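It should be emphasised that the depicted structure is a prediction, and the values quoted were computed from it without experimental measurement. In the text below, chain A, chain B and the rest are named by the order of the sequence lines, each starting its count at 1.
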Number of protein chains: 2
Amino acid sequence: MTEREEGTCEARVVHGTKLAALQPMLADEERAHVEAERFRALGDPTRLRILAALSLAELCVCDLSGLLGISQTATSQHLKILRTFGMVRYRKEGRMAFYRLADSSLRTWLARLHTEDREGGVAHERESV
Amino acid sequence: MTEREEGTCEARVVHGTKLAALQPMLADEERAHVEAERFRALGDPTRLRILAALSLAELCVCDLSGLLGISQTATSQHLKILRTFGMVRYRKEGRMAFYRLADSSLRTWLARLHTEDREGGVAHERESV
DNA sequence: CCCATTCATGCGCATATACGCATATGATGT
DNA sequence: ACATCATATGCGTATATGCGCATGAATGGG
């Protein structure tokens, strides 16, 4: 929101033309917002563990709760968030709700996360000036 | 943390054996925590836009600030977070700091994000029971 | 040396998030 | 109908996060 201050840094001129062709996410704040929300949905250890569990089997809330050692309330609330972003689906059977990953692409993607083990992924190296 | 309540839901028995072979992230809370932190780093629209800009060119803080219309302070703080998770690197030239994406895998991965346009990604379908 | 420029950082505040408690909803059994 | 179980949700609170303000640190020009 802040207006560009009147500094003299003109480095941008170097890449002026390139920057003229801005990518969608750079120009479209709304797009960036939506995208960021989805990363945020994955930005919680408990939710990642829920997804990890669901990548193995379809499970009811009660199972997830017991498996991960978190309260039913917390489990339910996390599942709501994962539902909101279309990451899980569920099926009601009697009074139970069986959750599963929403689609196979999410499943394989999570599988990579599991086995990747800190190498060859999407940005692992630590700072190095 | 909450102890498993003494309900009677025994659905877990169904998948008992499968669940015995838990994936790392499910069992290893620490691992899940680390992984979640990195998603969180991407879970902010401004940081995504910074990465989008850096996927086009190496830029100094001043440029980023002006380009995205955010304060120098905010820019610097976001860059610190991205540095912490090894997503960007920088090079000092005089009083300026030129930032770039840390590695090519992050770059191509971001490129996919840009063009994917809500289809074929990692979990797009909205809730459907 | 003095001062402007560029970037980084400590602090404070407004807002967001995670989770527990209590409770609502809906299904199942007696 | 009533009690019980599985799940969902409103609310309060502790903590985390984003960002502005003020300032520090480093560089370079006069």
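- Distance NZ (B/K92) to P (D/dA25): 13 Å, rounded to an integer number of Å.
- Whole-Å rounding puts the A/H33 NE2 to D/dT17 P distance at 17 Å.
- Pairing each heavy atom of A/L82 with each of A/A41, the nearest pair is CD2-O, 4.2 Å.
- Neither OP1 nor OP2 of D/dT7 sits under 4.0 Å from any side-chain N or O of A/S76.
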Any protein N or O atoms within reach of nucleotides 14-18 of chain C? Criterion: under 3.5 Å, listing atom names and distances.
{"residue": "C/dT17", "atom": "OP1", "partner": "A/R40", "partner atom": "NE", "Å": "3.3"}
{"residue": "C/dA18", "atom": "OP1", "partner": "A/D44", "partner atom": "OD2", "Å": "3.4"}
{"residue": "C/dA18", "atom": "OP1", "partner": "A/R47", "partner atom": "NH1", "Å": "3.3"}
{"residue": "C/dA18", "atom": "OP1", "partner": "A/R47", "partner atom": "NH2", "Å": "2.8"}

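- You won't find any donor-acceptor pair under 3.5 Å spanning the side chain of A/Q72 and the base of D/dA6, going by distance alone.
- Listed by chain and number, the residues in a side-chain contact (heavy atoms from CB on, under 4.5 Å) with B/T46 are B/D44, B/I50, B/I70, B/H78 (sequence neighbours excluded).
- Here the nucleotide nearest the side chain of B/Q77, chosen from C/dC11, C/dG20, C/dC7, is C/dC11.
- Residues B/L79 and B/L64 are in side-chain contact: their nearest non-hydrogen atoms beyond the backbone lie under 4.5 Å apart.
- Summarising the geometry, the separation between CZ on A/F39 and C1' on D/dG18 is reported as 19 Å, rounded to the nearest angstrom.
- What separates CG of A/L79 from P of D/dA6 is a distance of 16 Å, to the nearest Å.
- For C/dA8, the OP1/OP2 oxygens have a side-chain nitrogen or oxygen of B/Y99 closer than 4.0 Å.
- With rounding to whole Å, A/D63 atom CG is found 16 Å from D/dC5 atom P.
- Side chains of A/R83 and A/R89 form no contact here, defined as non-hydrogen atoms less than 4.5 Å apart.
- Here the straight-line distance linking atom CG of B/D63 with atom CD of B/E58 works out to 10.5 Å at 0.5 Å rounding.
- Side-chain proximity of B/S71 to C/dG20, D/dG20, D/dC5: nearest is D/dG20.
- Map A/A74 and B/T75 each onto its nearest nucleotide of DNA chain C; the residue landing nearer the 5' end is B/T75.
- Regarding B/I70, its CD1 atom lies at a distance of 8 Å from the P atom of D/dG20, rounded to whole Å.
- Residue B/R95 contributes atom CZ, which lies 11 Å from atom P of D/dT27 at whole-angstrom precision.
- Considering only side-chain N and O atoms, B/K80 lies nowhere under 4.0 angstrom from the phosphate OP1 or OP2 of C/dA8.
- Put simply, A/T73 has no side-chain N or O that comes within less than 4.0 Å of OP1 or OP2 on C/dC19.
- Nearest to the side chain of A/C62, among C/dA27, C/dC7, D/dT7, sits D/dT7.
- A salt bridge is absent between B/R31 and B/E29: the closest approach of a Lys/Arg side-chain nitrogen to an acidic carboxylate oxygen does not fall below 4.0 angstrom.
- For B/S76, the side-chain contact (heavy atoms from CB on, under 4.5 Å) partners are B/Q72, not counting sequence neighbours.
- Nucleotide D/dG18 holds its P atom 11 Å from the CG atom of B/L48, rounded to whole Å.
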